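Just so it is clear, the model here is predicted, and its values are computed rather than measured. First the proteins, then the strands, lettered A, B, ... as listed; each starts at 1.
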Protein chains: 2
Amino acid sequence: MPDAEPDQMLEPDRLGADLSDAVVLFHEAIGSLMGLSAADHKALGILGREGPMSAGELAERTSLTAGAVTGLVDRLERAGLASRERDPADRRRLVVTAARAADPQVAEAFAGLGSAMAAVTARFTPDQLETIAEWVRLTSAAVRGQAAAIAARREA
Amino acid sequence: MPDAEPDQMLEPDRLGADLSDAVVLFHEAIGSLMGLSAADHKALGILGREGPMSAGELAERTSLTAGAVTGLVDRLERAGLASRERDPADRRRLVVTAARAADPQVAEAFAGLGSAMAAVTARFTPDQLETIAEWVRLTSAAVRGQAAAIAARREA
DNA sequence: CTAAATGATTCAGTAGACTAAAAGGTATCA
DNA sequence: TGATACCTTTTAGTCTACTGAATCATTTAG
């Protein structure tokens, strides 16, 4: 739905929308390959981005209740995508850690993406790559900022 | 989970992963702003990408049964995100069309992203923008290709 | 004009994930 | 040590979206 008005949008914005669609498609494909619901995939993403955390923290980050998180971690663990360990310092607490994809199909999918990206990278000079990196940094920050703004507005 | 091995990955790949996360976050934020489940959001994305289609085609594209699609379109229509019309040529058929976001909050969110992106674009020369556009085109194609490869393998 | 086929909807039943609340260990503090 | 607080799990019940089958409306074929 990011394709606005007629066809008069700035090229870079249209390109952004196209890339965004592609990213979402890839995530969906990976999710279905892993046999994960979107909610589980999201939780796994949080674990991957922010590192191991307790079940309580995960509950807070996902806006789920404690009971729901138990079931969530059950499913991730059964799929071999996360591990559950007791915190040695405080044995009431649980440390949930995202596991590196065990499924060879998933690993292969990421490897495929990695080499495809390497081929793309090879087509640019170091100077150009620096420019691209700068754009990606700025765009990423902008998108993240907008997502945060939406979330903040939503809470009001 | 795209962060591989230690920290020795090529910078552009890490940046890609970061951007990918940001995009997913934004989509999630928009989805929750619209009050849509992930499945509904996905269906809406298909409608947006591929244009209006009959309920049966939508069922095929989403891998849902006909009955489920009726409920899906009910929800989208109630939320003002899609419209239902009978096909004038064959009045048994239904044409489902994605509507431009009616909710002012959603429109505002997209507008916010648009101006943030415009600010990013303003920081580069036309030459640089051409390089960036080329990278985005190639990356988008690569990611799309990988997603298709996964989907194809999945069907085997 | 009737019979068969097609597209969408309705209905009954089911499954999965969620919440709220009670329960089970574990830690902290007096 | 005993009482209390904390973190996770379990349990019971609910809700939502799904499937498969029956139904209604419309079109096509004979």
Trainee: Would you kindly give the CE-to-P distance between A:Met53 and D:dC7, to the nearest whole Å?
Mentor: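 Spelled out: CE on A:Met53 to P on D:dC7 is 15 Å.
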Trainee: In whole angstrom, what separates A:Leu72's CG from C:dC18's C1'?
Mentor: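 Atom-to-atom, A:Leu72 to C:dC18, this comes out as 12 Å.
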Trainee: If I compare all heavy atoms of A:Leu44 with all of A:Met34, which pair ends up nearest, and what's the gap?
Mentor: CD2-SD, 4.4 Å
Trainee: Is it true that, when you exclude A:Arg123 itself, more than 12 heavy atoms of the residues, nucleotides or ligands shown sit nearer than 6.0 Å to its CZ?
Mentor: no
Trainee: From C-beta outward on A:Ala55, which listed nucleotide comes closest to its side chain: D:dT8, C:dT10, C:dC18?
Mentor: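 Shortest atom-to-atom distance from the side chain points to D:dT8.
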Trainee: If you take all heavy atoms of B:Val96 and B:Ala82, which pair is closest and at what distance?
Mentor: CG1-CB, 4.4 Å
Trainee: Quick one: does A:Gln146's side chain have a donor or acceptor within less than 3.5 Å of a partner on A:Val143's backbone?
Mentor: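 Pair absent, no side-chain N/O of A:Gln146 close to backbone of A:Val143.
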Trainee: Could you run down nucleotides 19-30 of chain C 5' to 3' and tag each one B, S or - for protein heavy-atom contact under 4.0 Å?
Mentor: B-----BBS---
Trainee: In this structure, how many angstroms lie between the C1' atom of D:dT9 and the CG atom of A:Leu58, rounded?
Mentor: 15 Å
Trainee: Determine, step by step, whether B:Arg153 and A:Glu108 satisfy the side chain to side chain contact (heavy atoms under 4.5 Å, CB included) criterion, reporting the C-alpha distance in whole Å, the side-chain angles of both residues, the deciding distance to 0.1 Å, and the verdict.
Mentor: CA-CA 11 Å; B:Arg153 214 177 308 148; A:Glu108 193 183 334; 3.8 Å; yes
Trainee: Send over the distance from A:Leu94 CG to D:dT10 C1', rounded to a whole Å.
Mentor: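 Distance check: A:Leu94 CG to D:dT10 C1' gives 15 Å.
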Trainee: Give one of base, sugar-phosphate or nothing for A:Ser37, where a contact means two heavy atoms less than 4.0 Å apart.
Mentor: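 No contact.
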Trainee: Under 4.0 Å between a side-chain nitrogen and a carboxylate oxygen: does that hold for B:Arg144 and A:Asp21?
Mentor: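 Salt bridge: no.
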Trainee: What is the distance, rounded to the nearest whole Å, between atom CG of B:Asp40 and atom P of D:dT16?
Mentor: 13 Å
Trainee: Whole angstrom is fine here: how far is it from CG in B:Asp74 over to P in C:dC11?
Mentor: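 From B:Asp74 CG to C:dC11 P: 12 Å.
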Trainee: I need the CZ-P distance between B:Arg78 and D:dA17, as an integer number of Å.
Mentor: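 Between P of D:dA17 and CZ of B:Arg78: 9 Å.
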Trainee: Quick one: which of C:dA17, C:dT9, D:dT8 gets closest to the side chain of B:Arg84?
Mentor: C:dT9
Trainee: Can you name the closest pair of heavy atoms from B:Ala29 and A:Ile150 and give their distance?
Mentor: O-CG2, 3.8 Å
Trainee: For the pair made of CZ in B:Arg93 and P in D:dT28, what is the distance, rounded to whole Å?
Mentor: 11 Å
